[in-house]
Amino acid sequence: MKLIKKGLAYVDDSSSEEMAAMKGTPTGAGKNSLYRNRAVEENLELFQKMKSGEFADGTHTLRVKIDMAHINMLMRDPVLYRIKHAHHHRTGDKWCIYPMYDFAHGQCDSIENITHSICTLEFVPHRELYDWLIEKLEIFPSHQYEFARRNINYTVTSKRKLLQLVNENYVTSWDDPRMPTISGLRRRGYTPESIRDFCDRIGIAKRENIVDVGLLEFCLREHLNKIAQRRMVVFDPVRVVISNWVPLQAGGKTEILQSENNPEDAGSGMRDLPFSREIMIERDDFMETPPKKFFRLAPGQMVRLKSAYIIKCEQVIKDADGNISEIHCSYIPESKSGHDTSEIKVKGTLHWVNAADAVEVEVREYDRLFKVEDPSSEEGDFKDYINPDSLKVVKGFAEPSIKNAKLSDRFQFLRKGYYCLDKDSTDEKLIFNRTVTLKDGWTKEVKKN
RNA sequence: UGACCCAUGGUGUAAUGGUAGCACUACUGAUUUUGGUUCAGUCAGUUAAGGUUCGAAUCCUUAUGGGUCAACCA
């Protein structure tokens, strides 16, 4: 109203197409609207009618009168209000006009006495209009400051693009653990501390950027390493029989061992770990003909079982197809963890679970959502570059203490990665999300050779 | 054929006109009952050309490269 009365705003009857045609181009001036010089009284009356719903959607707009030849296209008489017969939760159906973003922006900031209104770089040209409106409206002078948005490689951060991923079912929901949304990251197991640390490290500036997702993962691992409870879970098991352990049937027993919950946190305590004649280890922790520097199990070689004993591989049992079905090992009784008097030094330590009470769990392994670093800058649609293998569901066999897992717990599955319980879990079936893997020096070593 | 924004190692980000630094990554090595962690170290940078200045990443000019702008979207 103030602008109309000042003779700075007018009601325009042009259609959207007509207005676009008269707007000109970045290199050519636009033309004045036929309705630009309406009398103040007439404008007030028409605007009143727009508001009260006497016109159909799209028939009229309220525009501000600046300069149709302005070098900044946003200053060529931009629209302030358009008619929309939309139901509003406060005004119901009585109020039929809605402001454009540029018109509302400065006033919202001003009403709240915002001194620094920050936004992304594409709004730089809008600042001129923002300032112009504040000046003419004579309201509190908020100021807009622009910075570059933060991008992360192998994903998209645009809300509009993320919306497509949800709507078109490329992911299950906004909180799908592959989504770079707060709810997605949270469900995936990211801690708030790690996200804040990441934000501090990447800083803020005006230049285009794509931050390496590796930095986010570094912040995450650094925090998780300090707080995550250690557990042992075997994913692709092979059975190991401790040949010199007395079988249960012959009076042998299950020994209860102790293991620290977190070696980085002295106050985190210990937990019980059953150990007996038959255990499971990771299939790729054994090789019949190992390369150099393979510090795991191999015929005749010794390794330590974490928090348990040192074992020596004596014999490999294969099935009819030649696949390894069992590995027979002897254990060194004097090498018990914490009471080792054997003086044997081994290079490798393996995680394991006791076969008799292993708990089967489902594990969801996530990978990057896109195959390329910057999906939006590639040819064609960004969705053409979605990684089809971003979710892999696998089985795991966990030590019995896993049954006490709560939704808020963070775990490190030894030598594997960080995991958390997913909300899809039931009492019968525990489901874990892989938050992030551990740094893996060995695969790198293998690739070199 | 216009206007505006931006340009520092592979990545991200610092440096009243005064020694180009920090972090991640990569690579070496040490430690390790997680090939994790930790510790020590190495490689690597001011887009280019002029100008101003005792002195330029910083100021000026031009060039080059990248981004943005023609919704009744936000």
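Every chain is numbered from 1 and lettered A, B, ... according to where its sequence line falls, protein lines coming before strand lines.
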(request) Name all pairs fulfilling the side-chain hydrogen bond (donor to acceptor under 3.5 Å, both in side chains) condition that reach into residues 54-65 of chain A, sequence neighbours left out, sorted by first residue then second. (result) Asp12(A)-Arg63(A), Asp13(A)-His60(A)
(message) So if I take residues 255-290 of chain A and measure heavy-atom distances to RNA chain B, which residues fall below 4.0 Å?
(response) Pro263(A), Glu264(A)
(request) Quick one: stems involving RNA chain B, counted as three or more successive Watson-Crick or G-U pairs, both distances short of 3.5 Å. (result) B:2-7 with B:64-69, B:10-13 with B:21-24, B:26-30 with B:38-42, B:47-51 with B:59-63
(message) Under the ring pair (Phe, Tyr, Trp, His ring centres under 6.0 Å) definition, can you give me all pairs with a residue in residues 61-83 of chain A, not counting sequence neighbours?
(response) Phe47(A)-Tyr81(A), Tyr81(A)-Phe103(A)
(message) Heavy atoms within less than 4.0 Å of RNA chain B: which residues of residues 111-136 of chain A have one? Give them sorted by number.
(response) Phe123(A), Val124(A), His126(A)
(request) Please list, chain by chain and in numerical order, all residues satisfying ring-ring contact (aromatic ring centres under 6.0 Å, His included) with Phe413(A), sequence neighbours excluded. (result) Tyr419(A), Phe432(A)
(message) Under the rule for side-chain hydrogen bond (donor to acceptor under 3.5 Å, both in side chains), what residues qualify as partners of Arg127(A), not counting sequence neighbours?
(response) Glu146(A)
(request) Could you list where the contact with chain A starts and ends along RNA chain B, reading 5' to 3', using a 4.0 Å heavy-atom cut-off? (result) G2(B) to A74(B)
(request) Can you sort out the partners of Cys329(A) under side-chain contact (heavy atoms from CB on, under 4.5 Å), two or more places apart, ordered by chain and number? (result) Val240(A), Leu297(A), Ile311(A), Cys313(A), Ile327(A)
Let me check something: any side-chain donor-acceptor pairs from residues 154-161 of chain A under 3.5 Å, sequence neighbours excluded? List them with distances.
| from | atom 1 | to | atom 2 | distance (Å) |
| --- | --- | --- | --- | --- |
| Ser158(A) | OG | Arg160(A) | N | 3.2 |
| Ser158(A) | OG | Lys161(A) | N | 3.1 |

(message) Near RNA chain B, counting only heavy atoms under 4.0 Å, which residues of residues 58-73 of chain A show up?
(response) Gly58(A), Thr61(A), Ile71(A), Met73(A)
(message) So if I take residues 367-382 of chain A and measure heavy-atom distances to RNA chain B, which residues fall below 4.0 Å?
(response) none
